Amino acid sequence: MDRQAALERIRMLSDELREHNRQYYQMERPIVSDAEYDRLLRELQELEAAYPEYVMPDSPSQRVGSKPAEQFAKVTHLTPMLSLQNAMDEGEIREFENKVRRMLGDVAGAINYTCEPKFDGLAVSLTYRDGVLEQGATRGDGSTGEEITANLRTIHVIPLRLLGSKPPQIVEIRGEVYLPIDAFRKMNEERANEGEPLYVNPRNAASGALRQLDPSMTARRPLSFFAYGLGQVTDLDFESQFQALDWIQSCGLPVTHLRRKVTGIEAVVDYWREIEGQRDQLPFEVDGVVVKVDSFDLQQRLGFVSRSPRWAVACKFPPRQEVTQLLDIFVSVGRTGALTPTAALQPVFVGGVTVSRATLHNMDEVRRKDVRIGDWVVVQRAGDVIPEVVAALPERRQGTETLFEMPQQCPECGSDVVREPEEVVYRCQGGMKCPAQVKESLFHFGSRRAMDIEGLGSKLCDQLVDTGLVKDPADLYRLTLQPLVELERLAEKSAQNLLDAIEASRYRPLERCIFALGIRMVGEHVAKVLATRFGTIEKLMEATSKDLESVYGIGPNVAASIVSFFSQQTNRDVIRRLKEGGVVFPPAVELRKDSASGALPLSGKKFVFTGSLAGFTREGASDAIKALGAEVVGSVSKKTDYVVCGDDPGSKLEKANQLGVTVLDEAAFSALLTQYAESL
Ligand code: IVH
């Protein structure tokens, strides 16, 4: 094929694929099979690979296939992304108009408003230059956000090129990325099948997907988008919000058909009630309506107060509640032995989700609300929180309801349950004898912010404890392949990956090791303070209450909890066996820098990572090497000392070879870590 023919074919394929995308994503009526679509896309990708000069920025191929980023770059929004003030009820909505009138003073007659749903997703800004999507960013702190263009490109309703013949030179389009409720449910079903923790709500799931460094991970989630406003814009002159929304829609961006221009505040209140009535039928989550004074002229006169406009208000919906019957109350045992009473409910649909369990928080709450087994109760799902029982309905009692008593023995291990003085919680005294506590501690130990052992999910922790393979976290470092493979549902490859991840976790920095131990009242922050202040695990283990309390930010309760933890022989044994199993507990960097011996073994060495490693997450690998004093940089240059190369390396590998930089494969990297970590 000659160049001209290739160019023509690229154009034809692009047009055809764009049309299929439109049919699929906007009309929801695909006219070709997935296989046919894939074939066209592949043909386009192959031609573009052969003629890279013909890859258009808005080519349908550009929605997929961007390489993972090292980390997100920061971008400054041309116009800040503001937040909104809230109105929680009708009174506050009317008060909004009163304030607007007071500010404007001389406005006669009714005020026009544009009303829109308040989408419960993530705010983003899309910058189009000469009609082509140039940059997409998160809101961040309002002035500076994170550059997530590659991820936003994977969202099919976001046009890569604006429709219309005369696009403005620059326009920032503002809107909300969200995950439709159906997609959210499907995603959680899949995660439940795989034993992965569930996302609490569509917003969290969308946020997780949008903040993936690897855009192909974002592309797997059916994210969507609604535009609701403009930031910076050149060459255009609109008179009102409603007009601006119409224009945005004419450019090919999705704008909700639920938008409405109304006159006077009573019509706003009606709109608010109407959308609340439709809330459970909508295919996406909304948590209120946003009301904006329609005229841009009036908006300008009203201006801003701190970071919110005076011309707009978020009218929130009340939290969603339903009535159902409480069938039973059972207790669950947490990592620290705390017993939480949980209600088993007759399943009920609350704001888009079927709820069959709800928390009762603690015994004091059960008594305060006088909730009894068999009662009809009000259940609430609000925002992120787990469903909770708000109140009982005593007027519906039949006389057969029974009072709940906290068990005196732990339902998991039979140990005594004690309520400590001045505490609301009841606690199982079984410690590491209690399988529920062991499971929770193990899960915490391997969690992302602790030892970051990929693949050690809660289901697997349960299995490891139930089968007796693991009795405490130190046993993890003695696991071998065969017994793991014999576990139900664990394929050989996953078992090997788990072992590799456990192996890699041996080098976690001290602060993570301390956090992972699960000492009561020692969260991530305190763990960091302790690591910096005491420098080694041995010194921390010997610290007295007095030593601990002398550290800024550590009070008597935290100090007592730490001393008590390390005074227990079982905990000291776990630490000893962790060390024997190869966990390094590397001395904290800050301390070692000041020590007499001076530099760390890899001080001044620059490392670059490319490709994916089987036994490390990127963050884990980078933490381990930084703990030895090395610096991790993003791109290869003559000053780079090592390039660590995993599967599917990028162009950095070529660059390293050109410049003659030492390349380490995963095995060599792992060996290097062991060698130096052991010399510490
Ligand atoms: S307008 C200056 N309209 O609400 C006005 N915001 O607290 C800026 N949101 O972070 C926002 N739906 O993510 C506007 N129809 C809508 C919205 C909306 C959801 C979010 C937005 C922002 C937050 C404001």
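Fair warning: this is a prediction, and the values are worked out from it, not measured in the lab. Throughout, numbering of the chain's residues begins at 1 and tracks the sequence.
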Is a donor from one side chain sitting under 3.5 angstrom from an acceptor on the other, for [X] and [Y]?
X	Y	answer
T617	E454	no
Q4	E8	yes
D647	S612	no
S125	R174	yes
S61	E48	yes
Q299	Q241	no

- So which pairs with a foot in residues 490-500 pass side-chain hydrogen bond (donor to acceptor under 3.5 Å, both in side chains), sequence neighbours left out? Q496-D500
I'd like to know if [X] pairs up with [Y] as an ion pair, taking the criterion as any Lys NZ or Arg NE/NH1/NH2 lying under 4.0 Å from an Asp or Glu carboxylate oxygen.
X	Y	value
R139	E146	no
K166	D235	no
R203	D120	yes
R279	E285	no
D15	R18	yes
E116	K292	yes

- F609 and F669: CA distance, side-chain angles, deciding distance, ring pair (Phe, Tyr, Trp, His ring centres under 6.0 Å) verdict: CA-CA 11 Å; F609 288 96; F669 174 64; 5.6 Å; yes
Check: [Y] main-chain N/O paired with [X] side-chain donor or acceptor under 3.5 Å:
X	Y	value
T662	Y642	no
R508	M451	yes
T79	Q232	yes
R185	D182	no

- Using 30° and 60° as the class limits, which term best fits the ring planes of F238 and W247: parallel, tilted or perpendicular? tilted
- Hey, what's the ring geometry for F226 with F284, parallel, tilted or perpendicular (30° and 60° as the breaks)?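 The rings of F226 and F284 stand perpendicular, inter-plane angle above 60°.
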- Item | Trace of the salt bridge (Lys or Arg N to Asp or Glu O under 4.0 Å) decision for D294 with K261 | CA-CA 8 Å; D294 191 44; K261 185 151 117 178; 3.5 Å; yes
